[in-house]
Amino acid sequence: MDERLGRYPAAMGFLDKLKEKSRGVMTSAKPEDGVAPQPEDEVRRRLHAITGKGITVTDEDGDVIVAWAAKVASAGVGGGSYENLYRALRISFDASDNEAAGIGLKTTTEAELNFDGTFSGGAKWERGQHIGSETMHVIAWLGPHQTEGGADEKGYKFAWGDLREPVIDAVTGAGWTYKPKKV
């Protein structure tokens, strides 16, 4: 125990790591001190600037949806089976408090969903504050720049944190607070 601080250093390190891992899932992410809140349009612009393999950013009903999608090999009988995985964060805005709230959406389907800004399709979306990762064999990246068979990434790892962190950075970088939205 550190007598001067009345703390256990190892325990504090563990709690700091736990807090960091839960940022944006269980706890809010606030902007750095001194970062002035920008207009909502700037937050939206920053979210629309997020890019990456399988990433699409669209608007729907006043919200911004940052989605990741891929066609992946499935463990079906007969070999060439595949599924389409869709993982997304739907962000809504409260300009009066400079807060953006996000909720995770995910579905796995045999049908390809349109990326025209509508995420309902016929798919059943699971909503929540998702965490963790999934390792898969990506056959194709979906979205506006489909690779149609051009991807062959065995052992690709999708992690919710990899989708959430750029969203948090975009929001907090514009001086807003990112909050996890309750289901």
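Remember, predicted model here, so these are calculated numbers, not experimental data. Quick note: numbers below take in every heavy atom, side chains included, and nothing from hydrogens, waters or symmetry partners.
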- Message: To the nearest 0.5 Å, what is the distance between CG on Leu142 and CG on Leu85?
- Response: 9.0 Å
- Listed by chain and number, what are the ring-ring contact (aromatic ring centres under 6.0 Å, His included) partners of Phe158, not counting sequence neighbours? Trp68, Trp160
- Note on the structure: The reported gap from NZ in Lys30 to OH in Tyr178 (rounded to nearest 0.5 angstrom) is 14.0 Å
- Item | Interatomic spacing from OG1 in Thr172 to CD in Glu32 - rounded to 0.5 Å | 7.5 Å
- Note on the structure: By salt bridge (Lys or Arg N to Asp or Glu O under 4.0 Å), Arg46 pairs with (sequence neighbours left out) none
- Please report the closest heavy-atom contact between Ile139 and Ala73, naming both atoms and the distance. CD1-N, 3.4 Å
- With sequence neighbours left out, the residues meeting side chain to side chain contact (heavy atoms under 4.5 Å, CB included) with Lys157 are Ser133, Thr135
- Message: Among residues at least two apart in sequence or on other chains, which ones pass side chain to side chain contact (heavy atoms under 4.5 Å, CB included) with Glu126?
- Response: Lys106, His130
- Task: Test Tyr86 against Thr109 for side chain to side chain contact (heavy atoms under 4.5 Å, CB included), laying out the working first.
- Result: CA-CA 8 Å; Tyr86 297 90; Thr109 179; 3.7 Å; yes
- Query: Are Val167 and Val35 connected in a single hydrophobic cluster, I mean Ile/Leu/Val/Met/Phe/Trp/Tyr linked by side-chain heavy atoms less than 4.5 Å apart?
  - Reply: no
- Task: Start with the C-alpha gap between Asp61 and Arg90, add the side-chain angles, then the distance that decides, and say whether side chain to side chain contact (heavy atoms under 4.5 Å, CB included) holds.
- Result: CA-CA 11 Å; Asp61 298 330; Arg90 183 180 192 117; 3.9 Å; yes
- Task: Let me see the working for Asp94 and Lys179 under salt bridge (charged side-chain N to carboxylate O under 4.0 Å, His left out), right down to the final yes or no.
- Result: CA-CA 11 Å; Asp94 180 353; Lys179 298 177 90 171; over 6 Å; no
- Under the 3.5 angstrom rule, does the side chain of Glu110 hit a backbone N or O of Ser81 as a donor-acceptor pair? no
- Message: Please enumerate all residues that pass side chain to side chain contact (heavy atoms under 4.5 Å, CB included) together with Pro39, with sequence neighbours excluded.
- Response: Glu42
- Gap between atom CD of Glu40 and atom OG of Ser96 - 0.5 Å precision: 10.0 Å
- Message: Measuring from atom OG of Ser92 to atom CD of Glu99, what distance do you get when rounded to the nearest 0.5 angstrom?
- Response: 10.5 Å
- Item | side-chain contact (heavy atoms from CB on, under 4.5 Å), paired with Leu47, selected from Ile65, Val64, Leu89 | Val64
- Donor-acceptor pair, Thr107 side chain versus Lys124 backbone, under 3.5 Å? yes
- Quick one: list whatever passes salt bridge (Lys or Arg N to Asp or Glu O under 4.0 Å) with Arg127, sequence neighbours left out. none
- Message: Checking the side chain of Trp176 only, and the main-chain atoms of Gln38 only, is there a donor and an acceptor separated by less than 3.5 Å?
- Response: yes
- Message: Between Gln129 and Arg164, does the side chain to side chain contact (heavy atoms under 4.5 Å, CB included) criterion hold? Intermediate values first, please.
- Response: CA-CA 10 Å; Gln129 294 301 331; Arg164 188 176 288 108; 4.1 Å; yes
- Query: What's the verdict on side chain to side chain contact (heavy atoms under 4.5 Å, CB included) for Asn98 and Thr177, showing C-alpha distance, side-chain angles and the deciding distance?
  - Reply: CA-CA 6 Å; Asn98 296 317; Thr177 297; over 6 Å; no
- Query: Is there a side-chain contact between Val57 and Val66, using heavy atoms and a 4.5 Å cut-off?
  - Reply: yes
- In terms of heavy-atom contacts, Lys181 and Ile103 come closest through O-CD1, 3.4 Å
